[in-house]
Amino acid sequence: GPANESHSAAGPRPGGLSRREKPVAGSKKPGGLSRGEPGLQQTSPARPFGGRTPNLSSSIPDHMNIPFELQIGWRYTRAGRSGRRNGFISFISMVSMLGIALGVAALIIVLSVMNGFQKEVRDRMLSVIAHVEIYQAQGEALADWQATATEARRNEQVVGAAPFIATQALIARGDDMRGAIVRGISPADEATVTALAAQLRDTTLARLVSGGWGIVLGGELARGLGVKVGDRVTIVAPGGQFTPAGVVPRLKQLTLVGTFEAGHYEYDSGLALMHVDDAARLFRVAGPTGVQLRLKDAQQAHEVADEIQMRLGDSVRITDWTRTNRNWFQAVQIEKRLMFIILTLIVAVAAFNLVSTLVMTVTDKQADIAILRTLGASPRSIMTIFMVQGAASGVIGTLVGMGLGLLVAFNVDVIVPAIERALHMSFLPGSVYLISRMPSDPQSADIVPIVAISLALAFVATVYPSWRASRVQPAEALRHE
């Protein structure tokens with residue numbers, strides 16, 4: 001109609017196409033590109049990334065195909081020293097790692113020294129005393145000590161047996177007097193039971209002969225009395241003898257034929273040895289009052305003692321070294337447990353310092369978290385990143401502490417004497433402690449739990465800050481960026 005004609009006469013539409021004209025294949029669209037030309041790009045409306053979650057690990061080279069959470073977490077652990085604020089966070093992180101390292105090292109060193117102290121005392125103790133001792137139930141002489149020893153040897157753990165008489169007495173020299181345990185022994189048989197007797201069998205103990213009335217004193221006891229080999233000492237035996245004038249102490253002079261150094265102050269200062277026959281006459285007993293046994297494995301003493309007790313019956317009383325020194329060993333075990341708990345608390349404090357470090361890091365990395373979330377990272381990935389950062393600090397601190405602790409523990413015998421010489425003092429005076437040097441015995445049974453607890457505490461300390469990081473909302477974090 002006229003309207004259409006007038007509209008057509010008005011000229012072409014903008015863009016060069018009239019309403020009724022259709023683009024022809026191959027014709028150019030506005031902007032100079034035709035539909036069929038390769039330069040034309042088709043875009044999907046309002047769907048970022050084509051509706052797909054991006055793969056953040058796609059930019060990692062093939063030779064470093066590591067999850068991006070691990071890479072970013074490790075990067076955060078190493079980064080932060082350039083900026084002032086980040087440098088402070090890095091300093092706090094280093095302090096946390098140092099605290100964990102020192103706590104782990106202190107635990108390993110202390111427990112190793114306590115193990116060494118216990119082992120040293122036990123070994124020196126067992127070099128003087130037997131593993132198992134058999135007494136006559138009424139405290140009298142055994143009817144036949146050899147038959148008792150033969151019966152005890154039926155246990156395959158028993159490798160040595162020897163008779164003995166043991167009682168308390170006073171040993172005097174002039175105005176000096178000391179209390180001591182006087183033990184009557186058979187030198188030949190005693191060498192099969194104790195390490196000390198085996199060491200002295202051909203020298204000092206060879207001078208103990210029946211009827212010779214000789215005596216061997218511990219080194220500290222001899223020095224306390226001021227006597228040397230060849231001097232005479234007086235033994236005041238318990239019991240006394242009745243005379244018209246009353247009860248008179250029984251005295252006997254003996255010749256000092258030698259001394260010994262067991263390395264255990266209690267025995268060096270309070271033990272005297274004499275021949276079993278002389279001891280029987282001095283203390284008025286018919287013969288040996290007990291039999292002492294040596295075992296293949298000293299740790300089996302309790303079980304072996306119970307088995308021999310069942311075999312010999314109630315006519316004898318049997319004790320082993322673990323029962324005789326039970327209070328001391330229990331005290332050491334309790335002290336060891338308490339020290340473990342106390343020092344573990346130090347590690348816990350250092351590990352939970354990681355909480356403050358991670359909280360500050362999360363606050364500082366709000367923009368990074370938001371960008372990762374908008375790129376498609378899940379809350380779980382964000383949580384993993386910061387757990388990796390905290391766990392890496394815990395692992396580094398634990399490994400450094402373990403290395404430092406083992407280094408010191410294996411060289412205590414060198415380090416402590418050097419410190420003592422530098423300070424002109426003694427950490428373990430022999431007159432106070434049972435041993436005079438600092439021993440060390442690192443054991444895997446202690447080190448493995450220490451490392452495991454340290455790693456567990458560091459891991460637990462990362463959970464809450466990492467969870468908070470995963471709850472960051474991208475829009476809120478980027479609002480002020």
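For Thr398, the side chain to side chain donor-acceptor pair (under 3.5 Å) partners two or more places apart in sequence, or in a different chain, are Ser454. Remark: Gln253 engages Arg232 in a side chain to side chain donor-acceptor pair (under 3.5 Å) (not counting sequence neighbours). The side chain to side chain donor-acceptor pair (under 3.5 Å) test applied to Gln157 returns no partner, not counting sequence neighbours. Partners of Arg281 under the side chain to side chain donor-acceptor pair (under 3.5 Å) rule, at least two apart in sequence or in another chain, are Asp278. Remark: Arg223 pairs with Glu220, Glu261 by the side-chain contact (heavy atoms from CB on, under 4.5 Å) rule, at least two apart or across chains. Taking Asp320 as the reference, Arg323 meet the salt bridge (charged side-chain N to carboxylate O under 4.0 Å, His left out) condition, with sequence neighbours excluded. Among residues two or more places apart in sequence or in another chain, the salt bridge (charged side-chain N to carboxylate O under 4.0 Å, His left out) test is passed with Lys336 by Asp446. Taking the salt bridge (charged side-chain N to carboxylate O under 4.0 Å, His left out) definition, one finds that Glu307 meets it with Arg311, sequence neighbours left out.
Between the side chain of Thr192 and the backbone N or O of Ala188 there is no donor-acceptor pair closer than 3.5 Å. Remark: side-chain polar atoms of Gln309 are paired, donor with acceptor, to backbone N or O of Gly313 under 3.5 angstrom. Judged purely by atom type and a 3.5 angstrom limit, Arg317 has no side-chain atom pairing as donor or acceptor with the backbone of Gln136. Using a distance-only test at 3.5 Å, with no hydrogens or angles considered, a donor-acceptor pair links the side chain of Ser393 to the main chain of Gln389. Asp306 places no side-chain N or O within 3.5 Å of a backbone atom of Glu303 that could act as its donor or acceptor partner.
Residues Met274 and Val182 have side chains in contact (heavy-atom distance under 4.5 Å, counting atoms from C-beta outward). At a threshold of 4.5 Å between non-hydrogen side-chain atoms, the residues Asp189 and Trp145 count as touching. Residues Leu111 and Ile450 form a side-chain contact, since some pair of their non-hydrogen atoms from C-beta on lies under 4.5 Å apart. In this structure, Leu217 and Phe260 have side chains that are not in contact, with every pair of non-hydrogen atoms separated by 4.5 Å or more. Under the 4.5 Å side-chain criterion, counting only non-hydrogen atoms from C-beta, Arg124 is not in contact with Val128. Counting heavy atoms from C-beta on, the side chains of Val227 and Leu221 never come closer than 4.5 Å. Under the 4.5 Å side-chain criterion, counting only non-hydrogen atoms from C-beta, Phe117 is not in contact with Ser440. Side-chain atoms of Phe164 and Tyr135, non-hydrogen and from C-beta on, do get closer than 4.5 Å to each other.
Leu455 CG to Met402 CE: the interatomic distance, rounded to the nearest 0.5 Å, is 9.0 Å. Rounding to the nearest 0.5 Å gives a distance of 5.5 Å between CH2 of Trp321 and CG of Leu126. To the nearest 0.5 angstrom, His264 atom NE2 is 10.5 Å from Asp123 atom CG. Taken to the nearest 0.5 Å, the OG1 atom of Thr322 stands 10.0 Å off from the CD atom of Gln330. One distance of note links CG of Leu107 with CG of Leu343; it measures 4.5 Å at 0.5 Å rounding. Glu266 CD to Ile181 CD1: the interatomic distance, rounded to the nearest 0.5 Å, is 9.0 Å.
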Test log, rule side-chain contact (heavy atoms from CB on, under 4.5 Å), inputs Asp231 and Lys228: CA-CA 6 Å; Asp231 292 344; Lys228 58 182 182 297; 3.4 Å; yes
Given side-chain contact (heavy atoms from CB on, under 4.5 Å), test Ile318 with Val132 step by step and report yes or no. CA-CA 7 Å; Ile318 301 178; Val132 177; 3.6 Å; yes
side-chain contact (heavy atoms from CB on, under 4.5 Å) assessment of Arg471 paired with Ile382: CA-CA 9 Å; Arg471 307 294 293 177; Ile382 300 299; over 6 Å; no
Check the pair Val359, Phe386 against side-chain contact (heavy atoms from CB on, under 4.5 Å), reporting the backbone distance first and the verdict last. CA-CA 10 Å; Val359 168; Phe386 289 94; over 6 Å; no
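Listed here is the closest heavy atom pair of Val412 and Pro439: CG1-O, 4.4 Å. Heavy atoms only, all atoms of each residue included: Leu354 and Gly390 are closest at CD1-O, 3.7 Å. A pairwise comparison of heavy atoms in Pro442 and Ile447 identifies CB-CD1, 4.2 Å as the closest pair. Between Ala350 and Ile100, the shortest heavy-atom distance links the atoms CB-N, 3.3 Å. The two residues Ser127 and Ala262 come nearest to each other via the heavy atoms OG-O, 4.4 Å. Across all their heavy atoms, Ala180 and Ile171 have their closest contact at CB-CD1, 3.9 Å.
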Can you give me every donor-acceptor pair (side chain of residues 290-298, partner residue at least two apart or in another chain, under 3.5 Å) with its distance?
unit_1: Gln292; atom_1: OE1; unit_2: Arg183; atom_2: NH1; d: 3.2
unit_1: Gln292; atom_1: NE2; unit_2: Glu190; atom_2: OE1; d: 2.5
unit_1: Gln292; atom_1: NE2; unit_2: Glu190; atom_2: OE2; d: 3.1
unit_1: Arg294; atom_1: NH1; unit_2: Val193; atom_2: O; d: 3.1
unit_1: Lys296; atom_1: NZ; unit_2: Glu156; atom_2: O; d: 3.4
unit_1: Asp297; atom_1: OD1; unit_2: Gln299; atom_2: N; d: 3.1

In a table with atom names and distances, give each donor-acceptor pair under 3.5 Å that connects a side chain of residues 195-215 to protein atoms at least two apart or in another chain.
unit_1: Thr203; atom_1: OG1; unit_2: Leu200; atom_2: O; d: 3.4
unit_1: Arg207; atom_1: NH1; unit_2: Val257; atom_2: O; d: 2.6
unit_1: Ser210; atom_1: OG; unit_2: Asp277; atom_2: OD2; d: 3.1

Please report, to 0.1 Å, the donor-acceptor pairs under 3.5 Å made by any side chain of residues 459-469, with sequence neighbours excluded.
unit_1: Thr462; atom_1: OG1; unit_2: Phe459; atom_2: O; d: 2.6
unit_1: Tyr464; atom_1: OH; unit_2: Arg468; atom_2: NH1; d: 2.9
unit_1: Ser466; atom_1: OG; unit_2: Met387; atom_2: N; d: 3.1
unit_1: Ser466; atom_1: OG; unit_2: Thr462; atom_2: O; d: 2.6

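The side-chain hydrogen bond (donor to acceptor under 3.5 Å, both in side chains) pairs that include a residue from residues 166-181 number zero, where partners must be two or more places apart or lie in different chains.
A donor-acceptor contact closer than 3.5 angstrom links the side chains of Ser378 and Ser381.
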